[in-house]
Amino acid sequence: MPKIYLTTPLYYVNDQPHLGHAYTTILADVLTRFYKMAGYETFFLTGTDEHGQKIADAAKQRNKTPLQHCDEMVLKFKSLWEKLNIGYDDFIRTTESRHISVVNQALQNLYEKGDIYKSSYTGWYCVPDERFWTEKDLVDGNCPDCGRKVEKLEEDNYFFRMSAYQDWLIQYIREHPRFIEPETRKNEILGFLSKPLNDLCISRPSNRLSWGIPLPFDPQYVCYVWFDALLNYITSPGYLTDQEGFQKWWPADYHLIGKDIVTTHGVFWPIMLKALEIEPPHTIFAHGWWLIEETKMSKSLGNVVSPEYLISEFGVDQFRYFIMREMALGQDASFSIESIIDRINMDLANDFGNLASRILTMIRRYRQNKLPEALENGGPEEALITSSNRLPDEVFGLIREMKIHLALDRIISAVRDTNRYIESSAPWELARTKQDKKLDTVLYTATEVLRKIALLLYPVMPEKIERLREFLNSREEITLTSARKWGILQPGTAVDHKEILFPRIEKALHKTEPETPKKMETPKKTDYLTFEEFKKLDIRIAEVLTAEKVPDTKNLLRLEIDLGTEKRTIVAGLAKYYQPQEFVGKKIVVLANLQPANLHGIISEGMLLAAEGEDTVKLLTIEGDIPPGSRIR
RNA sequence: CGCGGGGUGGAGCAGAGGAAGCUCGUUAGGCUCAUAACCUAAAGGUCGAGGGUUCGAAUCCCUCCCCCGCUACCA
């Protein structure tokens with residue numbers, strides 16, 4: 001029996017599960033179900049990556065221990081996977097002892113081999129990214145990756161001798177064209193490898209970061225997250241613990257990942273395996289990103305579309321179908337509420353659901369819900385039988401090539417063919433003119449095609465297809481073999497259309513656009529403000545207590561101000577024109593009752609007033625001495 | 001040359017060396033079994049520009065242009 005071992009990345013639990021997580025995981029689930037139908041023995045691994053600085057920080061911010069924080073996040077992931085009907089075989093956490101023990105042994109092994117060595121390191125450290133940079137990497141003195149501030153750091157650390165394996169890896173990638181897919185990603189990695197590879201720093205001193213796995217040969221240090229997390233792919237199938245299991249499943253057939261983590265999987269990981277004398281995975285497959293309104297989906301942009309919302313609004317299977325149909329694997333795809341509604345209405349409601357509906361209604365009306373027998377197959381029937389017998393292999397062929405969107409397109413076009421067949425044989429006309437045998441034939445043929453098509457949609461929409469199989473009273477095994485065969489449904493079977501499978505979605509009931517900021521309207525010159533309106537403005541004098549630049553921004557300053565009765569935080573966009581220290585002690589003019597705004601994570605409670613020139617901005621101050629809090633009118 | 005994504009009929013997108021395709025929309029027609037659905041037909045493209053390779057280029061190579069994200073900027 002052929003086997004296939006698929007993995008998702010271990011998701012980093014500093015974030016809520018979002019559309020991107022859902023996508024990779026659904027993809028793994030759909031592939032697993034397809035391969036299972038094709039007779040493969042499958043192993044599907046997912047899990048969570050729980051160590052590292054960002055987790056420690058996130059936990060601290062929430063007043064939790066890191067492990068408490070992780071436990072809670074893990075529940076969120078698991079509950080989403082349950083809602084999405086994800087049938088994983090193993091969910092591994094990097095905090096589990098089975099994993100920690102493998103990490104320990106791997107580290108010890110590499111240390112003894114001399115592939116891990118201690119060295120002093122001077123560099124610039126980006127805290128949020130957990131990455132070291134050399135002087136020349138920096139851009140304007142900031143992190144080249146995220147643009148944020150870096151700290152100078154000198155410390156001893158342990159390094160993994162990656163450079164020793166560079167030539168091996170280049171050759172391996174060249175000799176194994178399917179090792180990194182799609183090809184653009186492979187080229188990217190080869191480009192990356194054309195420059196000398198640095199040894200990878202794989203430790204952090206535990207006095208700076210304690211949330212990690214201690215190095216077995218030096219407990220003063222913990223293991224760098226990536227190094228630890230990648231090893232899960234071999235922990236789960238049984239590396240060092242279950243010889244038989246490991247031999248059976250490893251090497252993994254697919255590591256499904258997002259294109260943002262190609263380097264770790266395409267460079268670090270195979271070198272780690274090589275050093276451990278383990279075979280590399282067969283294929284590392286990088287998919288694209290979901291774009292929302294043309295921007296990369298990310299939490300910081302506040303445009304994350306919650307998978308839970310989409311499930312409750314549109315249904316699990318509809319969501320699964322959409323997300324698989326809409327993305328050409330490897331490329332980016334756009335998400336919008338409008339596109340998901342269109343896709344569901346066109347493919348599932350109008351074509352597929354409606355096909356089931358019209359066939360079953362006719363059998364109810366003309367044959368009292370009993371499936372008739374086909375006794376007069378003619379040209380159109382033969383054509384449909386032939387093409388539907390071929391369909392499963394065409395579809396599975398596309399799945400093997402990771403062209404899932406094309407596979408689904410192929411299935412829906414078979415649905416359209418069937419609609420066409422019904423149209424041209426006009427069973428309602430046959431019923432009216434009492435051509436019973438012909439009518440029986442058409443009804444049976446259409447139903448049998450429907451059964452076969454439904455099986456092929458099962459991996460994507462398991463719940464709905466199970467339901468349709470209840471309508472059809474069809475209990476055969478869900479396999480590709482059964483989808484290839486003609487004549488599984490027995491004449492005389494009681495069938496019924498119990499409900500509409502995919503109701504049409506009314507666009508009017510949904511916001512078709514994610515929330516967008518309202519456009520500023522230019523006030524007309526004749527728009528006078530009434531005195532009442534003016535009185536609403538609470539403009540006051542404030543004294544600046546502290547001022548500092550907001551990290552990672554070009555123009556934002558965070559000011560603590562004294563408003564006489566209270567102290568407040570406001571954010572001002574003046575960093576291009578003023579140094580922070582110029583503000584301290586100054587009396588400024590503030591609009592105190594402006595609706596608070598969240599700017600880069602800081603709540604700004606008020607607005608500093610300034611005059612805007614062509615290419616300069618000047619601060620408003622007050623002449624003479626007046627206490628903070630004084631009202632301006 | 002910061003990195004990355006993209007430019008294909010009105011819209012959204014697929015295709016990646018051999019006759020420009022799909023869905024939606026539009027127009028005209030058909031059907032009445034079906035979820036205002038389904039079916040037929042028509043209009044609509046110099047595949048961002050220029051050059052090259054080739055018997056043949058949307059597809060491969062070179063040069064260039066444009067859009068966008070990475071990068072929430074409270075005046």
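In what follows, every chain begins at residue 1, and chains take the letters A, B, ... in the order their sequences are listed. All values below come from the heavy atoms of this structure, side chains included, with hydrogens, waters and symmetry mates left out. Quick caveat, the model's predicted, so the values are computed rather than measured.
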How long is the span from the [atom1] atom in [X] to the [atom2] atom in [Y], to the nearest 0.5 Å?
X	Y	atom1	atom2	answer
A/Glu326	A/Tyr23	CD	OH	11.0 Å
A/Glu181	A/Glu401	CD	CD	10.0 Å
A/Thr24	A/Phe285	OG1	CZ	11.5 Å
A/Asp347	A/Ile412	CG	CD1	4.5 Å

Pair A/Ser413-A/Arg410, side-chain donor/acceptor within less than 3.5 Å: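 Judged by distance alone, the side chains do pair up.
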Strictly by Watson-Crick or wobble contacts shorter than 3.5 Å, is anything paired with [N], and which nucleotide is it?
N	value
B/G2	B/C70
B/G56	none
B/C24	B/G10

Closest to the [X] side chain, choosing from [options]:
X	options	result
A/Arg358	B/C33, B/U35, B/C74	B/C33
A/Met607	B/C74, B/U35, B/C33	B/C74
A/Asn419	B/C39, B/C33, B/U35	B/C39
A/His405	B/U35, B/G15, B/C33	B/G15
A/Lys403	B/U35, B/A14, B/A16	B/A16

Gap in Å between the two P atoms, one belonging to B/G29 and one to B/G10, rounded: 25 Å
Value in whole Å for how far the P atom of B/C38 lies from CD1 of A/Ile500: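 After rounding, the reported distance stands at 13 Å.
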Summary of protein contacts for nucleotides 19-32 of chain B, nucleotide by nucleotide, where a base hit scores B, a sugar-phosphate-only hit scores S (4.0 Å, heavy atoms): ----SS-----BSS
salt_bridge(A/Arg400, A/Asp393) N-O dist < 4.0 Å: no
